[in-house]
**Student:** 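After the structure tokens below, expect a handful of questions from me.
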Amino acid sequence: MLSLVTTPFALGWTLFTVTIGASLLAMIRFLFPNLLVEAPGRFQVGPPSDYPPGTVSAKWKSSHGIWIVHSDAYKGRDEIYALVAECTHLGCTPLWQEMEQKFKCPCHGSGFYVSGVNFEGPAPRPLERCAIRLAADGNLEVDKNKRFRQELGQWDLPESYVDGSVA
Ligand code: FES
């Protein structure tokens, strides 16, 4: 029996079998690709007091793709809102420029006021908001599954902002 395993013939078959087995395993692995697990659409971002008037918080930008803004720049209303960090031109991620008080897209130069309204560059419309509310436990809760567009009049919907006087 031992002589069978050690013969060149047996060694060849063993290597062949191992190679085929490895290939099969690779093919099976290919059928189950790594899934990109997205951050949950609904999440809490802390109490309103974390967002004083006149601030743009990038705390949730890298993990959830939003800024939390407390401003009266839109229609003079004191609001806390969640802006989606996605340029409405081709989807790049804009940067908040504190000195100039604007969001600036590094891809093709679109600029957005702190309200999210576009004013320069090729972006055809304002940034989008997502739903935000004051949860029962006193924290702000954002829901990225619900989007609001200014040009459709949706920033007037109560789900698109929280009254800034709660901060
Ligand atoms: Fe932002 Fe083009 S993707 S300006």
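It should be emphasised that the depicted structure is a prediction, and the values quoted were computed from it without experimental measurement. In listed order, ligands and their atoms are each counted from 1.
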**Student:** Ignoring hydrogens, what is the shortest heavy-atom contact between A123 and T88? Give both atom names and the distance.
**Tutor:** CB-OG1, 3.6 Å
**Student:** Counting only N and O atoms by type, is there a donor-acceptor contact under 3.5 Å from the side chain of K104 to the main-chain atoms of G109?
**Tutor:** yes
**Student:** Quick check: closest heavy atoms across K59 and D50, and the distance to 0.1 Å?
**Tutor:**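 Scanning both residues completely, I find the closest heavy atoms to be NZ-OD2, 4.3 Å.
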**Student:** Give me the protein N, O or S atoms that fall under 2.8 Å of atom 1 (Fe) of ligand 1, sorted by chain and residue number.
**Tutor:** C87 SG, C105 SG
**Student:** Run the side-chain contact (heavy atoms from CB on, under 4.5 Å) test on T55 and V69 for me, step by step, so that the C-alpha distance in whole Å, both residues' side-chain angles and the decisive distance to 0.1 Å come before the verdict.
**Tutor:** CA-CA 6 Å; T55 57; V69 183; over 6 Å; no
**Student:** Are W96 and I66 joined in one hydrophobic group, where the rule is that I, L, V, M, F, W and Y side chains link up if heavy atoms are under 4.5 Å apart?
**Tutor:**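 Unlinked, W96 and I66 end up in two clusters.
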**Student:** Please, which pairs that meet disulfide (SG to SG under 2.5 Å) have at least one residue in residues 66-96, sequence neighbours excluded?
**Tutor:**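 For residues 66-96: C92-C107.
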